[in-house]
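Report on the following structure.
Note on naming: letters A, B, ... go to the chains in the order of the sequence lines (proteins, then strands), and numbering restarts at 1 for each one.
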Number of protein chains: 2
Amino acid sequence: MARAKSPSRHALVDSALKLFWKRGYHRVSMGDLVRETGVSRGSLYSDFAGKEALFHACLDRYQETVVTPAFGVVETKGAGLAEVGQYLDNLLARNAAHPDANTGCLVLNTLAQITPQESDTMTRLSAHGRRLHKGLHQALWQENQKHQKLDEAEIEALARFTLISIQGLWAQSRGSSDSAALRQYCETLLSLLASRMGVEPLHGT
Amino acid sequence: MARAKSPSRHALVDSALKLFWKRGYHRVSMGDLVRETGVSRGSLYSDFAGKEALFHACLDRYQETVVTPAFGVVETKGAGLAEVGQYLDNLLARNAAHPDANTGCLVLNTLAQITPQESDTMTRLSAHGRRLHKGLHQALWQENQKHQKLDEAEIEALARFTLISIQGLWAQSRGSSDSAALRQYCETLLSLLASRMGVEPLHGT
DNA sequence: CTTGTTTTGGAATGATCGTTCCAATAACTT
DNA sequence: AAGTTATTGGAACGATCATTCCAAAACAAG
(Lines give C-alpha, C1' and ligand atoms only; values in the text may rest on other atoms or scores of the structure.)
Protein backbone atom coordinates (compact mmCIF):
# COMPACT_ATOMS: atom_id res chain seq x y z
CA MET A 1 0.00 0.00 0.00
CA ALA A 2 2.69 2.51 0.95
CA ARG A 3 4.22 3.30 -2.39
CA ALA A 4 7.53 5.02 -3.05
CA LYS A 5 7.19 8.82 -2.88
CA SER A 6 9.23 11.07 -5.17
CA PRO A 7 11.52 12.02 -2.30
CA SER A 8 11.50 9.20 0.22
CA ARG A 9 9.76 9.88 3.46
CA HIS A 10 13.07 10.15 5.27
CA ALA A 11 14.38 12.68 2.78
CA LEU A 12 11.19 14.69 3.18
CA VAL A 13 11.45 14.74 6.95
CA ASP A 14 15.16 15.54 6.76
CA SER A 15 14.47 18.63 4.66
CA ALA A 16 11.79 19.77 7.05
CA LEU A 17 14.05 19.06 10.01
CA LYS A 18 16.77 21.22 8.54
CA LEU A 19 14.36 24.12 8.18
CA PHE A 20 12.83 23.79 11.64
CA TRP A 21 16.27 23.51 13.14
CA LYS A 22 17.60 26.62 11.49
CA ARG A 23 14.60 28.89 11.89
CA GLY A 24 12.46 27.47 14.69
CA TYR A 25 8.96 26.03 14.55
CA HIS A 26 6.99 29.25 14.35
CA ARG A 27 9.20 30.83 11.71
CA VAL A 28 8.71 28.05 9.18
CA SER A 29 5.56 28.29 7.07
CA MET A 30 3.89 25.51 5.15
CA GLY A 31 4.91 27.39 2.01
CA ASP A 32 8.53 27.14 3.08
CA LEU A 33 8.10 23.43 3.68
CA VAL A 34 6.53 22.90 0.26
CA ARG A 35 9.39 24.76 -1.41
CA GLU A 36 12.14 23.08 0.59
CA THR A 37 10.88 19.52 0.56
CA GLY A 38 9.74 19.58 -3.06
CA VAL A 39 6.49 17.93 -2.00
CA SER A 40 3.17 19.50 -2.82
CA ARG A 41 0.84 21.02 -0.29
CA GLY A 42 -1.73 18.34 -0.88
CA SER A 43 0.71 15.52 -0.29
CA LEU A 44 2.07 17.07 2.88
CA TYR A 45 -1.42 17.21 4.32
CA SER A 46 -2.18 13.66 3.25
CA ASP A 47 1.01 12.32 4.81
CA PHE A 48 0.81 14.35 8.01
CA ALA A 49 -2.16 15.63 9.95
CA GLY A 50 -0.72 19.14 9.89
CA LYS A 51 2.28 21.27 10.61
CA GLU A 52 2.61 20.10 14.19
CA ALA A 53 2.48 16.41 13.25
CA LEU A 54 5.21 16.97 10.68
CA PHE A 55 7.26 18.74 13.31
CA HIS A 56 6.85 15.80 15.67
CA ALA A 57 8.18 13.51 12.95
CA CYS A 58 11.15 15.85 12.70
CA LEU A 59 11.74 15.73 16.45
CA ASP A 60 11.74 11.94 16.31
CA ARG A 61 14.09 11.92 13.36
CA TYR A 62 16.35 14.37 15.17
CA GLN A 63 16.77 11.82 17.92
CA GLU A 64 17.75 9.14 15.42
CA THR A 65 20.03 11.10 13.14
CA VAL A 66 21.57 13.67 15.45
CA VAL A 67 21.27 12.75 19.10
CA THR A 68 22.04 9.07 18.80
CA PRO A 69 25.21 9.49 16.69
CA ALA A 70 26.51 12.17 19.05
CA PHE A 71 25.34 10.90 22.43
CA GLY A 72 25.44 7.19 21.75
CA VAL A 73 29.04 7.03 22.83
CA VAL A 74 27.97 8.05 26.34
CA GLU A 75 25.15 5.52 26.34
CA THR A 76 27.30 2.49 25.51
CA LYS A 77 27.77 -0.07 28.25
CA GLY A 78 31.22 0.68 29.62
CA ALA A 79 31.24 4.44 29.04
CA GLY A 80 32.82 6.71 31.63
CA LEU A 81 34.10 10.26 31.90
CA ALA A 82 36.27 9.85 28.81
CA GLU A 83 33.16 9.19 26.72
CA VAL A 84 31.49 12.30 28.11
CA GLY A 85 34.57 14.14 26.88
CA GLN A 86 34.18 12.52 23.48
CA TYR A 87 30.58 13.70 23.32
CA LEU A 88 31.66 17.24 24.13
CA ASP A 89 34.38 17.10 21.49
CA ASN A 90 31.84 15.96 18.96
CA LEU A 91 29.61 18.84 19.95
CA LEU A 92 32.47 21.30 19.55
CA ALA A 93 33.47 19.84 16.21
CA ARG A 94 29.94 20.19 14.91
CA ASN A 95 30.00 23.79 16.00
CA ALA A 96 33.36 24.58 14.45
CA ALA A 97 32.27 22.97 11.19
CA HIS A 98 29.42 25.45 10.74
CA PRO A 99 30.72 28.70 12.25
CA ASP A 100 28.26 30.76 10.20
CA ALA A 101 24.88 29.14 10.72
CA ASN A 102 24.83 28.35 14.38
CA THR A 103 21.72 26.37 15.05
CA GLY A 104 22.27 25.04 18.54
CA CYS A 105 20.15 22.12 19.68
CA LEU A 106 16.72 21.68 18.12
CA VAL A 107 15.23 20.42 21.37
CA LEU A 108 16.49 23.30 23.49
CA ASN A 109 15.55 25.88 20.89
CA THR A 110 12.06 24.46 20.78
CA LEU A 111 11.82 24.40 24.55
CA ALA A 112 12.32 28.14 24.61
CA GLN A 113 9.80 28.76 21.86
CA ILE A 114 6.73 26.81 22.83
CA THR A 115 4.29 27.15 25.70
CA PRO A 116 3.41 24.39 28.15
CA GLN A 117 0.03 24.13 26.41
CA GLU A 118 1.54 22.35 23.41
CA SER A 119 1.83 19.23 25.50
CA ASP A 120 2.45 16.69 22.75
CA THR A 121 5.54 18.59 21.76
CA MET A 122 6.55 19.13 25.36
CA THR A 123 6.38 15.39 26.01
CA ARG A 124 9.04 14.74 23.39
CA LEU A 125 11.27 17.46 24.77
CA SER A 126 11.04 16.05 28.27
CA ALA A 127 11.90 12.61 26.97
CA HIS A 128 15.05 14.06 25.45
CA GLY A 129 16.06 15.51 28.80
CA ARG A 130 15.45 12.20 30.52
CA ARG A 131 17.49 10.39 27.91
CA LEU A 132 20.49 12.64 28.43
CA HIS A 133 20.21 12.50 32.19
CA LYS A 134 20.05 8.73 32.17
CA GLY A 135 23.10 8.43 29.91
CA LEU A 136 25.14 10.86 31.96
CA HIS A 137 24.16 9.22 35.22
CA GLN A 138 25.20 5.82 33.92
CA ALA A 139 28.54 7.08 32.65
CA LEU A 140 29.37 8.89 35.87
CA TRP A 141 28.30 5.89 37.92
CA GLN A 142 30.54 3.67 35.84
CA GLU A 143 33.44 6.07 36.24
CA ASN A 144 32.88 6.18 39.96
CA GLN A 145 33.19 2.40 40.16
CA LYS A 146 36.89 2.83 39.46
CA HIS A 147 37.58 5.36 42.20
CA GLN A 148 34.73 4.99 44.69
CA LYS A 149 34.92 8.57 45.88
CA LEU A 150 31.24 9.47 45.64
CA ASP A 151 28.02 8.00 46.91
CA GLU A 152 24.86 7.55 44.88
CA ALA A 153 23.38 10.92 45.85
CA GLU A 154 26.55 12.71 44.77
CA ILE A 155 26.56 10.89 41.45
CA GLU A 156 22.98 11.93 40.91
CA ALA A 157 23.84 15.54 41.71
CA LEU A 158 26.82 15.50 39.36
CA ALA A 159 24.74 13.99 36.56
CA ARG A 160 22.14 16.70 36.94
CA PHE A 161 24.88 19.29 37.08
CA THR A 162 26.45 18.02 33.89
CA LEU A 163 23.10 17.95 32.11
CA ILE A 164 22.31 21.55 32.96
CA SER A 165 25.83 22.62 32.08
CA ILE A 166 25.48 21.06 28.67
CA GLN A 167 22.21 22.91 28.21
CA GLY A 168 24.07 26.12 28.96
CA LEU A 169 26.69 25.16 26.44
CA TRP A 170 24.07 24.66 23.74
CA ALA A 171 22.44 27.96 24.59
CA GLN A 172 25.77 29.72 24.38
CA SER A 173 26.64 28.07 21.09
CA ARG A 174 23.77 29.92 19.44
CA GLY A 175 24.77 33.42 18.39
CA SER A 176 28.26 33.37 19.81
CA SER A 177 30.43 31.53 17.32
CA ASP A 178 33.46 31.96 19.57
CA SER A 179 34.46 28.33 19.43
CA ALA A 180 37.55 28.94 21.56
CA ALA A 181 35.33 30.02 24.42
CA LEU A 182 33.14 26.96 24.01
CA ARG A 183 36.18 24.71 24.00
CA GLN A 184 37.48 26.37 27.12
CA TYR A 185 34.13 25.84 28.77
CA CYS A 186 34.17 22.12 27.96
CA GLU A 187 37.68 21.76 29.29
CA THR A 188 36.77 23.51 32.51
CA LEU A 189 33.67 21.36 32.91
CA LEU A 190 35.58 18.14 32.33
CA SER A 191 38.39 19.15 34.62
CA LEU A 192 35.95 20.04 37.39
CA LEU A 193 34.17 16.72 37.01
CA ALA A 194 37.45 14.82 36.96
CA SER A 195 38.80 16.46 40.07
CA ARG A 196 35.56 15.90 41.92
CA MET A 197 35.59 12.22 41.01
CA GLY A 198 39.24 11.62 41.74
CA VAL A 199 40.23 11.03 38.13
CA GLU A 200 43.65 12.04 36.90
CA PRO A 201 43.29 15.02 34.53
CA LEU A 202 42.44 13.78 31.05
CA HIS A 203 44.67 14.53 28.11
CA GLY A 204 42.18 16.01 25.63
CA THR A 205 43.14 17.12 22.15
CA MET B 1 5.95 69.09 27.23
CA ALA B 2 5.81 65.49 28.30
CA ARG B 3 2.61 65.39 30.28
CA ALA B 4 1.55 62.73 32.75
CA LYS B 5 -0.04 59.75 30.97
CA SER B 6 -2.94 57.89 32.57
CA PRO B 7 -0.68 55.02 33.56
CA SER B 8 2.82 56.42 33.94
CA ARG B 9 5.30 55.44 31.28
CA HIS B 10 7.04 53.11 33.72
CA ALA B 11 3.80 51.36 34.59
CA LEU B 12 3.02 50.96 30.90
CA VAL B 13 6.41 49.43 30.15
CA ASP B 14 6.15 47.23 33.23
CA SER B 15 2.87 45.76 32.02
CA ALA B 16 4.30 45.11 28.58
CA LEU B 17 7.43 43.63 30.12
CA LYS B 18 5.38 41.20 32.15
CA LEU B 19 3.59 40.01 29.01
CA PHE B 20 6.73 39.69 26.88
CA TRP B 21 8.46 37.87 29.69
CA LYS B 22 5.71 35.34 30.16
CA ARG B 23 4.83 34.62 26.54
CA GLY B 24 7.80 35.70 24.43
CA TYR B 25 8.05 38.49 21.87
CA HIS B 26 6.30 36.76 18.99
CA ARG B 27 3.42 35.46 21.04
CA VAL B 28 2.33 38.88 22.27
CA SER B 29 0.11 40.84 19.90
CA MET B 30 -0.54 44.56 19.90
CA GLY B 31 -4.08 43.70 20.93
CA ASP B 32 -2.74 41.93 23.99
CA LEU B 33 -0.60 44.95 24.81
CA VAL B 34 -3.57 47.30 24.49
CA ARG B 35 -5.65 45.12 26.78
CA GLU B 36 -2.91 44.56 29.35
CA THR B 37 -1.46 48.06 29.54
CA GLY B 38 -4.82 49.80 29.43
CA VAL B 39 -3.39 52.23 26.87
CA SER B 40 -5.08 52.72 23.54
CA ARG B 41 -3.65 51.55 20.23
CA GLY B 42 -3.19 55.12 19.08
CA SER B 43 -1.25 56.14 22.16
CA LEU B 44 1.00 53.12 21.98
CA TYR B 45 1.98 54.04 18.43
CA SER B 46 2.50 57.68 19.35
CA ASP B 47 4.74 56.78 22.28
CA PHE B 48 6.70 54.03 20.50
CA ALA B 49 7.65 53.58 16.88
CA GLY B 50 6.13 50.09 16.91
CA LYS B 51 6.09 46.75 18.62
CA GLU B 52 9.83 46.26 18.43
CA ALA B 53 10.61 49.69 19.89
CA LEU B 54 8.28 48.97 22.79
CA PHE B 55 10.01 45.65 23.31
CA HIS B 56 13.38 47.40 23.41
CA ALA B 57 12.06 49.69 26.11
CA CYS B 58 11.04 46.56 28.00
CA LEU B 59 14.49 45.02 27.63
CA ASP B 60 16.02 48.20 29.04
CA ARG B 61 13.56 48.27 31.91
CA TYR B 62 14.27 44.60 32.59
CA GLN B 63 17.90 45.51 33.19
CA GLU B 64 16.91 48.20 35.68
CA THR B 65 14.18 46.44 37.59
CA VAL B 66 15.22 42.79 37.44
CA VAL B 67 18.87 42.33 36.59
CA THR B 68 20.27 45.12 38.72
CA PRO B 69 18.42 44.17 41.93
CA ALA B 70 19.45 40.54 41.52
CA PHE B 71 22.93 40.82 40.09
CA GLY B 72 23.98 44.10 41.68
CA VAL B 73 25.27 42.23 44.71
CA VAL B 74 27.88 40.57 42.50
CA GLU B 75 28.80 43.88 40.90
CA THR B 76 29.54 45.73 44.12
CA LYS B 77 33.14 46.59 44.80
CA GLY B 78 34.29 43.96 47.28
CA ALA B 79 32.10 41.08 46.08
CA GLY B 80 33.53 37.56 46.00
CA LEU B 81 32.28 34.01 45.80
CA ALA B 82 29.86 34.53 48.67
CA GLU B 83 28.06 37.20 46.64
CA VAL B 84 27.82 34.88 43.67
CA GLY B 85 26.13 32.47 46.05
CA GLN B 86 23.78 35.22 47.15
CA TYR B 87 22.86 35.90 43.56
CA LEU B 88 22.09 32.23 43.00
CA ASP B 89 20.00 32.13 46.16
CA ASN B 90 18.04 35.12 44.94
CA LEU B 91 17.49 33.35 41.64
CA LEU B 92 16.26 30.23 43.40
CA ALA B 93 13.99 32.22 45.69
CA ARG B 94 12.42 33.98 42.71
CA ASN B 95 11.81 30.60 41.18
CA ALA B 96 10.31 29.05 44.28
CA ALA B 97 8.01 32.05 44.71
CA HIS B 98 6.33 31.43 41.35
CA PRO B 99 6.34 27.65 40.95
CA ASP B 100 3.42 27.79 38.52
CA ALA B 101 4.36 30.43 35.97
CA ASN B 102 7.98 29.74 35.29
CA THR B 103 9.24 32.49 33.06
CA GLY B 104 13.01 32.02 33.15
CA CYS B 105 15.17 34.92 32.03
CA LEU B 106 13.72 37.36 29.50
CA VAL B 107 17.09 37.84 27.81
CA LEU B 108 17.80 34.16 27.34
CA ASN B 109 14.26 33.40 26.22
CA THR B 110 14.54 36.13 23.63
CA LEU B 111 17.93 34.91 22.49
CA ALA B 112 16.39 31.59 21.58
CA GLN B 113 13.46 33.20 19.79
CA ILE B 114 14.95 35.77 17.49
CA THR B 115 17.19 35.50 14.46
CA PRO B 116 20.53 37.25 14.05
CA GLN B 117 18.84 39.58 11.55
CA GLU B 118 17.07 41.48 14.31
CA SER B 119 20.32 43.17 15.17
CA ASP B 120 19.00 45.99 17.35
CA THR B 121 17.53 43.44 19.67
CA MET B 122 20.60 41.22 19.47
CA THR B 123 22.80 44.12 20.54
CA ARG B 124 20.93 44.46 23.81
CA LEU B 125 21.12 40.75 24.48
CA SER B 126 24.88 40.71 23.90
CA ALA B 127 25.29 43.63 26.25
CA HIS B 128 23.51 41.63 28.94
CA GLY B 129 25.94 38.77 28.47
CA ARG B 130 28.91 41.09 28.70
CA ARG B 131 27.51 42.66 31.85
CA LEU B 132 27.20 39.32 33.59
CA HIS B 133 30.59 38.16 32.45
CA LYS B 134 32.24 41.32 33.69
CA GLY B 135 30.57 41.08 37.09
CA LEU B 136 31.46 37.43 37.53
CA HIS B 137 35.02 37.98 36.43
CA GLN B 138 35.44 40.78 38.92
CA ALA B 139 33.97 38.77 41.78
CA LEU B 140 36.11 35.73 41.05
CA TRP B 141 39.20 37.90 40.68
CA GLN B 142 38.47 39.50 44.01
CA GLU B 143 37.97 36.13 45.64
CA ASN B 144 41.22 34.90 44.17
CA GLN B 145 43.08 37.77 45.77
CA LYS B 146 42.54 36.07 49.11
CA HIS B 147 43.90 32.68 48.11
CA GLN B 148 46.10 33.31 45.06
CA LYS B 149 45.59 29.85 43.65
CA LEU B 150 44.70 30.81 40.08
CA ASP B 151 46.29 32.97 37.40
CA GLU B 152 44.43 35.47 35.26
CA ALA B 153 43.72 33.00 32.45
CA GLU B 154 42.20 30.54 34.90
CA ILE B 155 40.03 33.26 36.42
CA GLU B 156 38.84 34.18 32.95
CA ALA B 157 38.02 30.55 32.20
CA LEU B 158 36.15 30.15 35.47
CA ALA B 159 34.16 33.34 34.87
CA ARG B 160 33.12 32.13 31.44
CA PHE B 161 32.30 28.75 32.90
CA THR B 162 30.12 30.28 35.58
CA LEU B 163 28.31 32.46 33.06
CA ILE B 164 27.43 29.57 30.81
CA SER B 165 26.41 27.45 33.79
CA ILE B 166 24.03 30.16 34.92
CA GLN B 167 22.57 30.25 31.43
CA GLY B 168 21.96 26.53 31.70
CA LEU B 169 20.31 27.08 35.05
CA TRP B 170 17.93 29.64 33.59
CA ALA B 171 17.14 27.36 30.69
CA GLN B 172 16.40 24.52 33.09
CA SER B 173 14.24 26.70 35.31
CA ARG B 174 11.75 27.05 32.47
CA GLY B 175 9.30 24.17 32.35
CA SER B 176 10.84 22.13 35.11
CA SER B 177 9.61 23.60 38.36
CA ASP B 178 11.63 21.08 40.36
CA SER B 179 13.18 23.65 42.62
CA ALA B 180 15.04 21.01 44.64
CA ALA B 181 16.96 20.04 41.51
CA LEU B 182 17.78 23.67 40.81
CA ARG B 183 19.01 24.17 44.35
CA GLN B 184 21.14 21.08 44.11
CA TYR B 185 22.61 22.38 40.88
CA CYS B 186 23.53 25.70 42.48
CA GLU B 187 25.13 23.96 45.43
CA THR B 188 27.18 21.74 43.14
CA LEU B 189 28.26 24.71 41.07
CA LEU B 190 29.30 26.73 44.10
CA SER B 191 31.10 23.82 45.67
CA LEU B 192 33.02 23.14 42.45
CA LEU B 193 34.01 26.79 42.19
CA ALA B 194 35.04 26.91 45.83
CA SER B 195 37.21 23.84 45.67
CA ARG B 196 38.90 25.03 42.50
CA MET B 197 39.68 28.38 44.12
CA GLY B 198 40.83 26.98 47.42
CA VAL B 199 37.93 28.35 49.43
CA GLU B 200 36.64 26.48 52.45
CA PRO B 201 33.16 25.08 51.62
CA LEU B 202 30.50 27.74 52.17
CA HIS B 203 27.69 27.21 54.60
CA GLY B 204 24.65 27.96 52.45
CA THR B 205 21.12 28.06 53.80
C1' DC C 1 -5.34 2.57 -24.96
C1' DT C 2 -8.24 2.69 -20.89
C1' DT C 3 -9.25 2.43 -16.40
C1' DG C 4 -8.25 3.61 -11.44
C1' DT C 5 -5.21 5.86 -8.21
C1' DT C 6 -1.74 9.40 -6.67
C1' DT C 7 0.15 13.53 -6.89
C1' DT C 8 0.27 18.21 -8.19
C1' DG C 9 -0.22 23.26 -8.29
C1' DG C 10 -2.83 26.72 -7.03
C1' DA C 11 -7.17 29.06 -5.73
C1' DA C 12 -10.26 29.87 -1.82
C1' DT C 13 -11.16 30.32 3.19
C1' DG C 14 -10.97 32.11 7.57
C1' DA C 15 -8.00 33.69 11.06
C1' DT C 16 -4.47 36.70 13.13
C1' DC C 17 -1.21 40.18 12.90
C1' DG C 18 1.22 45.02 12.80
C1' DT C 19 0.17 49.33 11.42
C1' DT C 20 -2.49 53.52 9.97
C1' DC C 21 -6.19 56.62 10.24
C1' DC C 22 -9.73 59.36 12.16
C1' DA C 23 -14.05 61.06 14.27
C1' DA C 24 -15.51 61.22 18.99
C1' DT C 25 -14.26 62.07 23.62
C1' DA C 26 -11.81 63.60 27.59
C1' DA C 27 -8.59 66.69 29.88
C1' DC C 28 -6.34 70.83 30.56
C1' DT C 29 -5.63 76.09 29.85
C1' DT C 30 -7.14 80.68 29.78
C1' DA D 1 -17.31 79.40 29.43
C1' DA D 2 -14.91 78.40 25.12
C1' DG D 3 -10.69 76.83 22.88
C1' DT D 4 -6.78 73.84 22.55
C1' DT D 5 -4.51 69.62 23.00
C1' DA D 6 -4.17 64.61 24.22
C1' DT D 7 -6.24 60.35 24.21
C1' DT D 8 -9.48 57.00 22.89
C1' DG D 9 -11.91 53.14 20.56
C1' DG D 10 -12.41 51.00 16.62
C1' DA D 11 -12.67 50.62 11.62
C1' DA D 12 -9.79 49.66 7.68
C1' DC D 13 -5.64 47.89 5.20
C1' DG D 14 -2.32 44.80 3.59
C1' DA D 15 0.27 40.95 4.78
C1' DT D 16 1.00 36.26 6.29
C1' DC D 17 -0.48 31.97 7.92
C1' DA D 18 -2.55 26.97 8.33
C1' DT D 19 -5.77 24.46 6.30
C1' DT D 20 -9.13 22.82 2.75
C1' DC D 21 -10.55 21.82 -1.73
C1' DC D 22 -10.39 20.43 -6.40
C1' DA D 23 -9.58 20.19 -11.45
C1' DA D 24 -5.74 18.93 -14.13
C1' DA D 25 -1.70 16.10 -14.77
C1' DA D 26 1.21 11.98 -13.93
C1' DC D 27 1.39 7.42 -13.20
C1' DA D 28 0.36 2.41 -12.62
C1' DA D 29 -2.05 -1.87 -14.03
C1' DG D 30 -5.17 -4.41 -17.01
| message | Using the ring pair (Phe, Tyr, Trp, His ring centres under 6.0 Å) criterion, which residues pair with F55(B)? Sequence neighbours excluded. | response | F20(B), Y25(B)

| Can you check the L33(B) CG to dG9(D) C1' distance for me, whole Å? | 16 Å

| task | State whether R9(B) and D47(B) are salt-bridged, where the test is any N-O pair (Lys NZ or Arg NE/NH1/NH2 against Asp/Glu carboxylate O) under 4.0 Å. | result | no

| remark: Residues in residues 16-31 of chain B with a heavy atom under 4.0 Å of DNA chain C, by number, are V28(B), S29(B), M30(B)

| When the distance from NZ of K51(B) to C1' of dT16(D) is rounded to whole Å, what number comes out? | 13 Å

| request: Whole angstrom is fine here: how far is it from CZ in R35(B) over to C1' in dC17(C)? | output: 13 Å

| message | Checking E64(B) now: which residues fulfil salt bridge (charged side-chain N to carboxylate O under 4.0 Å, His left out) with it, not counting sequence neighbours? | response | R61(B)

| Side-chain-base donor-acceptor pair under 3.5 Å for R41(B) and dT19(C) | yes

| request: Could you tell me which residues satisfy side chain to side chain donor-acceptor pair (under 3.5 Å) with R196(A), sequence neighbours excluded, listed by chain and number? | output: S191(B)

| Whole angstrom value for the distance that separates P of dA6(D) from CG of L44(B) | 17 Å

| task | Just jot down the salt bridge (charged side-chain N to carboxylate O under 4.0 Å, His left out) partners of E75(A), sequence neighbours excluded, or say none. | result | R131(A)

| Residues in side-chain contact (heavy atoms from CB on, under 4.5 Å) contact with A112(A), at least two apart in sequence or another chain | A112(B)

| query | Taking atom P of dC13(D) as reference, at what distance in whole Å does atom OH of Y45(B) sit? | reply | 17 Å

| request: Starting at atom CG of D32(A), determine the distance to atom C1' of dA15(D), rounded to an integer number of angstrom. | output: 15 Å

